[in-house]
Asker: 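Just dropping this structure here.
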Amino acid sequence: MNQVGRNIRVFSDPEALSRAGAEFFLSSALTAIRGKGRFSAVLSGGSTPRRLYRLLAMPEYSAQLPWEQIDLYWGDERCVPPEDGKSNFGMVCEELLSKIDIPAGNIHRMQGELNPEKGARQYEKELRRYFSETGSDGLDLVLLGLGNDGHTASLFPRSASLEEKDRLVVPAVSPQGIRRRLTLTLPLLNRSGAVLFLVSGKGKREPLNRVLQPGSVAEIPARGVRPLSGELYWYIDRDAAGGKDG
């Protein structure tokens with residue numbers, strides 16, 4: 001599945017995919033810290049990132065990462081309290097944050113328990129404060145997944161958030177499950193140093209094939225993730241790739 005202009009790698013199974021993602025996170029972090037003293041990453045929910053976070057919590061990775069120089073953000077969140085079982089923050093806390101020594105001030109969670117508009121504006125202020133303090137224009141690494149309908153983060157097909165040009169964080173509405181969400185917008189995602197999509201399972205073959213073809217962002221929101229000066233990577237497993245090797 002090599003395509004001109006695309007950084008696509010295919011792995012044998014979800015475990016190999018997750019380990020490659022952990023290696024990518026580690027390498028990105030160490031490179032950024034050597035260059036400017038800090039590293040910022042956007043985390044996502046889902047089963048594939050869960051495996052990655054478990055790996056990052058293990059000594060072979062966590063011992064190499066200077067967590068005091070790493071800032072963690074979230075790409076989207078359900079509007080639930082952090083202790084709710086559906087919280088993206090709660091999942092990352094269970095798999096990673098509770099097992100590493102990271103300063104509380106380096107953990108920047110979306111406050112899903114707030115009114116969505118207030119939560120979105122508050123998170124945007126926090127991001128803009130970080131950019132002001134560090135002189136950055138965007139975040140170093142964004143981890144994303146791909147929904148069966150082609151959504152990513154909580155940017156859903158035909159949603160108004162896809163038209164956003166100025167705001168970095170907006171309320172979002174999911175067509176199913178917990179409907180009220182918060183999400184980063186395309187303008188912020190596309191200012192990132194690198195975006196890494198993690199895609200696993202046979203159920204993702206069709207949406208993956210669609211997102212890799214030109215077409216409407218309104219129909220397939222993940223098509224809208226195109227970093228302006230950074231790099232876009234797709235790490236997928238054989239099932240998602242239709243059994244093809246990259």
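Computed from a prediction, not measured in an experiment: that's the story for all the values here. Residues take their numbers from the sequence shown, with the count starting at 1.
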Asker: Evaluate the side-chain proximity of V169 to M110: yes if any heavy-atom separation is below 4.5 Å, no if none is.
Answerer: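 Yes, side chains in contact.
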
Asker: For the backbone of L168 and the side chain of E124, can you confirm whether one donor and one acceptor N or O come within less than 3.5 Å of each other?
Answerer: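 Yes, E124 side chain to L168 backbone: donor-acceptor pair under 3.5 Å.
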
Asker: Answer whether the closest heavy-atom distance between the side chains of P175 and F156 falls below 4.5 Å.
Answerer: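 Result yes, sub-4.5 Å side-chain heavy-atom pair found.
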
Asker: Does atom CG (N148) have a neighbourhood of more than 12 heavy atoms from anything else shown, all under 6.0 Å?
Answerer: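 It does: N148 CG has more than 12 such atoms within range.
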
Asker: Any link between V225 and I220 through a network of hydrophobic side chains (Ile, Leu, Val, Met, Phe, Trp, Tyr) touching at under 4.5 Å?
Answerer: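 Yes, it is one cluster - the side chains of V225 and I220 are joined through contacts under 4.5 Å.
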
Asker: For the side chain of K204 and the backbone of L146, is there at least one donor-acceptor N/O pair under 3.5 Å apart?
Answerer: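 At least one qualifying donor-acceptor pair exists.
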
Asker: Below 4.0 angstrom, N of the basic side chain to O of the carboxylate: do K202 and E206 qualify?
Answerer: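 The answer is no: the pair does not qualify as a salt bridge.
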
Asker: Determine yes or no for a side-chain-to-main-chain donor-acceptor pair under 3.5 angstrom, with S27 supplying the side chain and F24 the backbone.
Answerer: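 Judged by distance alone, no pair lies under 3.5 Å.
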
Asker: Name the one of V92, V42, L97 that satisfies side-chain contact (heavy atoms from CB on, under 4.5 Å) with L72?
Answerer: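 Single side-chain contact (heavy atoms from CB on, under 4.5 Å) partner of L72 among V92, V42, L97: L97.
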
Asker: Hey, does Y123 have a side-chain heavy atom less than 4.5 Å from the side chain of H108?
Answerer: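 Heavy-atom side-chain distance check passes, below 4.5 Å.
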
Asker: Is any side-chain heavy atom of P227 less than 4.5 Å from a side-chain heavy atom of L232?
Answerer: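 A side-chain contact under 4.5 Å exists here.
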
Asker: Ring centroids only, cut at 6.0 angstrom: are Y73 and Y130 within range, meaning strictly under it?
Answerer: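 Yes, close enough.
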
Asker: I'd like to know if the side chain of T31 reaches the main chain of S28, judged simply by a donor and an acceptor atom lying under 3.5 Å from each other, with no hydrogens or angles considered.
Answerer: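 Not confirmed, T31 side chain does not pair with S28 backbone.
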
Asker: Treating N106 as the side-chain partner and I102 as the backbone partner, does any N or O pair qualify as donor plus acceptor under 3.5 Å?
Answerer: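 Such a contact is absent between N106 side chain and I102 backbone.
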
Asker: Roughly how far, to the nearest 0.5 Å, is the OG atom of S161 from the CG atom of L184?
Answerer: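 It is 11.0 Å, given to the nearest 0.5 Å.
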
Asker: For R128, is there any backbone N or O sitting under 3.5 Å from a side-chain donor or acceptor partner on S132?
Answerer: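 Not confirmed, S132 side chain does not pair with R128 backbone.
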
Asker: Given K118 and Q111, is the side-chain contact (heavy atoms from CB on, under 4.5 Å) satisfied, shown in steps?
Answerer: CA-CA 9 Å; K118 181 177 180 180; Q111 296 190 54; over 6 Å; no

Asker: Flag yes if L26 and L141 sit in one hydrophobic cluster, no otherwise; membership is Ile, Leu, Val, Met, Phe, Trp, Tyr, and two members link when side-chain heavy atoms are under 4.5 Å apart.
Answerer: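 Linked within one cluster.
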
Asker: Salt bridge between R19 and E15, side-chain N to carboxylate O under 4.0 Å?
Answerer: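 Looking at R19 and E15, the cut-off is not met.
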
Asker: Looking only at heavy atoms, what is the nearest atom pair of L162 and A218, with distance?
Answerer: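 Nearest heavy atoms, L162 then A218: CD1-CA, 3.9 Å.
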
Asker: Quick check: closest heavy atoms across P171 and R167, and the distance to 0.1 Å?
Answerer: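 In this case the closest contact between P171 and R167 is CD-NH2, 4.1 Å.
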
Asker: In the single-linkage hydrophobic clustering (I, L, V, M, F, W, Y; side-chain heavy atoms under 4.5 Å), do L30 and L56 co-cluster?
Answerer: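 Yes, L30 and L56 fall within the same hydrophobic cluster.
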
Asker: Just verifying a value: how many Å separate L65 CG and D101 CG, rounded to the nearest 0.5 Å?
Answerer: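 Answer rounded to 0.5 Å: 12.5 Å.
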
Asker: When the aromatic ring centroids of Y233 and F197 are compared, is their separation below 6.0 Å?
Answerer: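 No: the rings miss the under 6.0 Å criterion.
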
Asker: Looking only at heavy atoms, which two atoms of P207 and G150 are closest? And how far apart?
Answerer: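 Distance-wise, the nearest heavy atoms are CB-N, 4.4 Å.
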
Asker: Can you confirm whether L155 sits close enough to L189 that some side-chain heavy atom of one is under 4.5 Å from a side-chain heavy atom of the other?
Answerer: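 The answer is yes, as the side chains (C-beta and beyond) meet within the 4.5 Å cut-off.
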
Asker: Is any NZ, NE, NH1 or NH2 atom of the basic residue among E113 and R180 found under 4.0 Å from an Asp or Glu carboxylate oxygen of the other?
Answerer: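 Looking at E113 and R180, the cut-off is not met.
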
Asker: Looking only at the side chains, is there a donor atom on one of E231 and N7 sitting less than 3.5 Å from an acceptor on the other?
Answerer: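 Their side chains do contain a donor-acceptor pair, which is all the 3.5 Å distance test asks for.
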
Asker: List the atom of T152, the atom of A222, and the distance in Å for their closest heavy-atom pair.
Answerer: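 Reported closest heavy-atom pair: CG2-CA, 4.0 Å.
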
Asker: Please check if the side chain of S192 supplies one atom and the backbone of A194 the other of a donor-acceptor pair under 3.5 Å.
Answerer: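 Between the backbone of A194 and the side chain of S192 there is no qualifying donor-acceptor contact (under 3.5 Å).
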
Asker: Looking at K36 and D140, does any basic side-chain N land under 4.0 Å from a carboxylate oxygen?
Answerer: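 Salt bridge flag = yes for D140 with K36.
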
Asker: Please check if atom CD in Q176 has more than 12 non-hydrogen atoms from other residues, nucleotides or ligands closer than 6.0 Å.
Answerer: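 Not more than 12 within 6.0 Å, no.
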
Asker: So, applying side-chain contact (heavy atoms from CB on, under 4.5 Å) with W234, which one of V211, L144, V10, L196 is it?
Answerer: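 Only one of V211, L144, V10, L196 forms a side-chain contact (heavy atoms from CB on, under 4.5 Å) with W234, namely V211.
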
Asker: Do R181 and V173 come within less than 4.5 Å of each other through their side chains, counting heavy atoms only?
Answerer: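 Counting from C-beta outward, R181 and V173 never come under 4.5 Å.
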
Asker: Quiz question: by atom type and distance under 3.5 Å, do the side chains of D76 and S154 form a donor-acceptor pair?
Answerer: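 There is such a pair between these side chains.
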
Asker: Roughly how far, to the nearest 0.5 Å, is CG of L143 from CG of L52?
Answerer: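 It is 6.5 Å, given to the nearest 0.5 Å.
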
Asker: Determine whether a donor-acceptor pair (N or O, by modelled atom type, separation under 3.5 Å) exists between the side chain of R78 and the backbone of S87.
Answerer: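 Absent.
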
Asker: Near K86 NZ, under 6.0 Å, is it more than 12 heavy atoms from other residues, nucleotides or ligands?
Answerer: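 Open: at most 12 neighbouring heavy atoms sit under 6.0 Å from NZ of K86.
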
Asker: Salt bridge between E133 and R129, side-chain N to carboxylate O under 4.0 Å?
Answerer: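 No, this pair does not count.
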
Asker: Can you give me the closest heavy-atom contact between L17 and V199, atom names plus distance?
Answerer: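 Taking L17 first and V199 second, the nearest heavy atoms are CD2-O, 3.5 Å.
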
Asker: Would R158 and E219 satisfy salt bridge (charged side-chain N to carboxylate O under 4.0 Å, His left out), going step by step from the backbone distance to the final call?
Answerer: CA-CA 6 Å; R158 296 171 293 280; E219 295 297 321; 2.8 Å; yes

Asker: State the OG-CZ distance between S200 and F11, to the nearest 0.5 angstrom.
Answerer: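 Output value for this atom pair is 11.5 Å.
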
Asker: Less than 4.5 Å apart, side chain to side chain, heavy atoms only: is that true for S18 and L55?
Answerer: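 Yes, at least one pair of side-chain atoms sits under 4.5 Å.
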
Asker: Using the ring pair (Phe, Tyr, Trp, His ring centres under 6.0 Å) definition, which of the options Y53, F39, Y61 pairs with F25?
Answerer: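 Looking at Y53, F39, Y61, the match for F25 under the ring pair (Phe, Tyr, Trp, His ring centres under 6.0 Å) is F39.
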
Asker: side-chain contact (heavy atoms from CB on, under 4.5 Å) for W67 and S62? Distances and angles first, verdict last.
Answerer: CA-CA 8 Å; W67 293 105; S62 63; 4.0 Å; yes

Asker: For G90, is there any backbone N or O sitting under 3.5 Å from a side-chain donor or acceptor partner on E83?
Answerer: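 Such a contact is absent between E83 side chain and G90 backbone.
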
Asker: Hey, mind stepping through Q122 and L182 against side-chain contact (heavy atoms from CB on, under 4.5 Å) and telling me if it holds?
Answerer: CA-CA 11 Å; Q122 184 164 314; L182 301 175; over 6 Å; no

Asker: Side chains of R38 and I33: does their closest heavy-atom pair fall under 4.5 Å?
Answerer: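 Result no, sub-4.5 Å side-chain heavy-atom pair not found.
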
Asker: Give, for atom CG of L208 and atom CZ of R210, the distance between the pair rounded to the nearest 0.5 Å.
Answerer: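 Rounded to the nearest 0.5 Å, the CG-CZ separation comes to 12.0 Å.
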
Asker: Distance check, rounded to the nearest 0.5 Å: L139 atom CG versus S136 atom OG?
Answerer: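 Between atom CG of L139 and atom OG of S136 there are 7.5 Å.
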
Asker: Looking at every heavy atom in both D166 and E164, which two are closest together, and how far apart are they?
Answerer: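 Closest heavy-atom pair between D166 and E164: N-OE2, 3.0 Å.
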
Asker: Less than 4.0 Å between a side-chain N and a carboxylate O, is that true for D13 and R238?
Answerer: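 The answer is no: the pair does not qualify as a salt bridge.
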
Asker: So, D149 side chain and P157 main chain: donor-acceptor pair closer than 3.5 Å or not?
Answerer: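 No, because the side chain of D149 does not come within donor-acceptor range (under 3.5 Å) of the backbone of P157.
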
